[in-house]
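I have placed the structure first, in the form of structure tokens, so that the comments after it can refer back to it.
So that the names make sense, note that chain A is the first sequence line, chain B the second, and so on, each numbered from 1.
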Amino acid sequence: MPELPEVETVRRGLAPVMEGALVNRLELNRADLRFPLPEAFAEKVSGRRIVSLGRRAKYLLIELEDDLTLISHLGMSGSFRIEETVQGDFHHARSKDSKHDHVIFHVEHDGKHQKVIYNDPRRFGFMHLWKRSELDLYPAFAELGPEPTGNALDADYLARRLSGKSQPLKGALLDQTVIAGLGNIYVCEALWRSHLSPKRQSGTLVTPGGRPKKELTRLTEEIRAVIVDAIAAGGSSLRDHIQTDGSLGYFQHSFSVYDREGEACRMPGCGGTVTRITQSGRSTFYCPTCQK
DNA sequence: ACTTGACCCTGACAGC
DNA sequence: TGCTGTCAGGGTCAAG
């Protein structure tokens with residue numbers, strides 16, 4: 001589920017509870033997610049204070065005291081929720097998938113005790129501990145591309161990265177070393193907003209001289225805009241959602257093309273039909289009429 | 001060097 | 001009701 005905007009929304013939802021909090025106890029209900037949990041994980045985190053919450057691409061960064069960063073990736077099905085710690089809640093009704101509550105942070109903040117629960121049915125998520133001062137050496141970060149909303153992403157950069165590539169745009173934009181944080185949904189959405197076909201060969205957006213064509217400049221703008229919009233939507237959904245059940249990360253978005261196979265294209269005046277194709281094993285949704 | 005495909009795992013859903 | 005097949009928002013690795 002979580003692409004960059006969702007992870008950012010999770011970060012913002014967790015911040016009031018976790019930033020500045022003391023982790024009294026880290027409860028582990030299994031030894032591994034996608035990878036083994038860190039060596040002596042509970043011992044290393046318990047008793048430490050959380051300095052701040054950060055994010056890099058789709059990675060949530062829980063910054064602990066003593067130069068330690070807990071790196072959390074939510075995979076496809078990871079989510080966090082916040083629960084009050086109620087005295088005598090031994091008989092509290094457990095939600096139906098609590099069997100996938102793998103890691104529980106028992107935190108204390110201003111005398112208030114709460115649980116931050118990581119749930120992940122498919123266990124494609126993972127957690128690592130890394131020295132904050134050496135975070136750039138974390139293998140997944142070493143090759144990571146720029147953030148889509150950061151200054152490092154511009155049309156000139158993309159022209160350098162896409163020049164000469166025969167790879168279809170869909171695959172190039174999913175490549176985390178090109179842009180960090182885009183996933184299947186927002187690549188589809190950005191291409192639709194740019195009127196560009198996901199099958200278009202990446203190098204054709206660059207002039208022979210290596211300059212970005214106008215459509216690449218447009219694409220760059222739309223990538224930024226679709227992420228900014230989604231983060232804003234996540235922020236508004238947080239306010240409604242967090243108070244009801246404490247869950248973060250599964251708010252409902254509405255997309256323009258993603259998961260709309262067979263529906264009328266929403267581009268004004270287009271009149272086409274959204275089509276689903278498979279590219280490198282994953283679904284792509286686009287409108288063949290207005291995306292060229 | 002680049003690109004694709006199989007794989008990790010569980011749950012939801014459609015069709016029989 | 002239950003079975004089976006298909007699909008899912010991610011990343012990694014091997015093989016083409």
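Phosphate proximity of dG11(C) to His73(A): present, with a side-chain N or O under 4.0 Å from OP1 or OP2. Taking side-chain N and O atoms only, Lys58(A) has a distance below 4.0 Å to OP1 or OP2 of dG10(C). Checking the phosphate oxygens (OP1, OP2) of dT3(B), a side-chain nitrogen or oxygen of Lys165(A) falls inside 4.0 Å. Taking 4.0 angstrom as the limit, Gln167(A) places a side-chain polar atom (N or O) nearer than this to OP1 or OP2 of dT3(B). An OP1 or OP2 oxygen of dC2(B) is reached within less than 4.0 angstrom by no side-chain nitrogen or oxygen of Ser166(A). Remark: Tyr186(A) is not in phosphate contact with dG9(C), judged by side-chain N or O atoms under 4.0 Å from OP1 or OP2. For dG11(B), the OP1/OP2 oxygens have a side-chain nitrogen or oxygen of His100(A) closer than 4.0 Å. Between dG11(B) and Ser77(A), no contact under 4.0 Å exists linking OP1 or OP2 to a side-chain N or O. Close to dG9(C), at under 4.0 Å from its OP1 or OP2, lies a side-chain N or O of Arg282(A). OP1 or OP2 of dT3(B) has not a single side-chain nitrogen or oxygen of Lys170(A) nearer than 4.0 Å.
With both ends at atom P, the span from dC9(B) to dC3(C) equals 23 Å, rounded to whole Å. With both ends at atom P, the span from dG5(B) to dC7(C) equals 14 Å, rounded to whole Å.
By the 4.0 Å N-to-carboxylate-O rule, Glu189(A) lies too far from Arg193(A) to be salt-bridged with it. Between Glu27(A) and Lys115(A), none of the side-chain N atoms (NZ, or NE/NH1/NH2) sits under 4.0 Å from a carboxylate O, so this pair counts as no salt bridge.
In this pair, His73(A) and Phe126(A) present their aromatic rings parallel. The plane angle is below 30°, not in the 30 to 60° band.
Considering only side-chain atoms of Ser280(A), the nucleotide from dT4(B), dG11(C), dA8(C) that sits closest is dT4(B). Considering only side-chain atoms of Ala140(A), the nucleotide from dG11(B), dT10(B), dT12(C) that sits closest is dT12(C). You'll find that the side chain of Pro121(A) is closest to dG11(B), out of dG11(B), dC8(B), dA8(C).
Side-chain contact between Leu196(A) and Gln291(A) is absent, with no heavy atoms from C-beta onward closer than 4.5 Å. The shortest side-chain heavy-atom distance between Asp120(A) and His100(A) does not fall under the 4.5 Å cut-off.
Whole-Å rounding puts the Arg34(A) CZ to dG10(C) C1' distance at 8 Å.
Evaluation of atom-type donor-acceptor distances gives no pair under 3.5 Å for the side chain of Arg123(A) against the base of dC9(B).
When atom types are taken as modelled, the side chain of Glu3(A) and the backbone of Ile185(A) share a donor-acceptor pair closer than 3.5 angstrom.
Looking at heavy-atom distances under 4.0 Å, Pro139(A) makes no contact with the nucleic acid at all.
Aromatic rings of Tyr59(A) and Phe141(A) (six-membered ring for Trp) have centroids within the 6.0 Å cut-off, being under it.
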Check your understanding: Under a 3.5 Å cutoff on both atom distances, Watson-Crick or G-U, what's the dot-bracket for DNA chain B ([ ] crossing, | other strand)?
Key -> .|||||||.|||||||
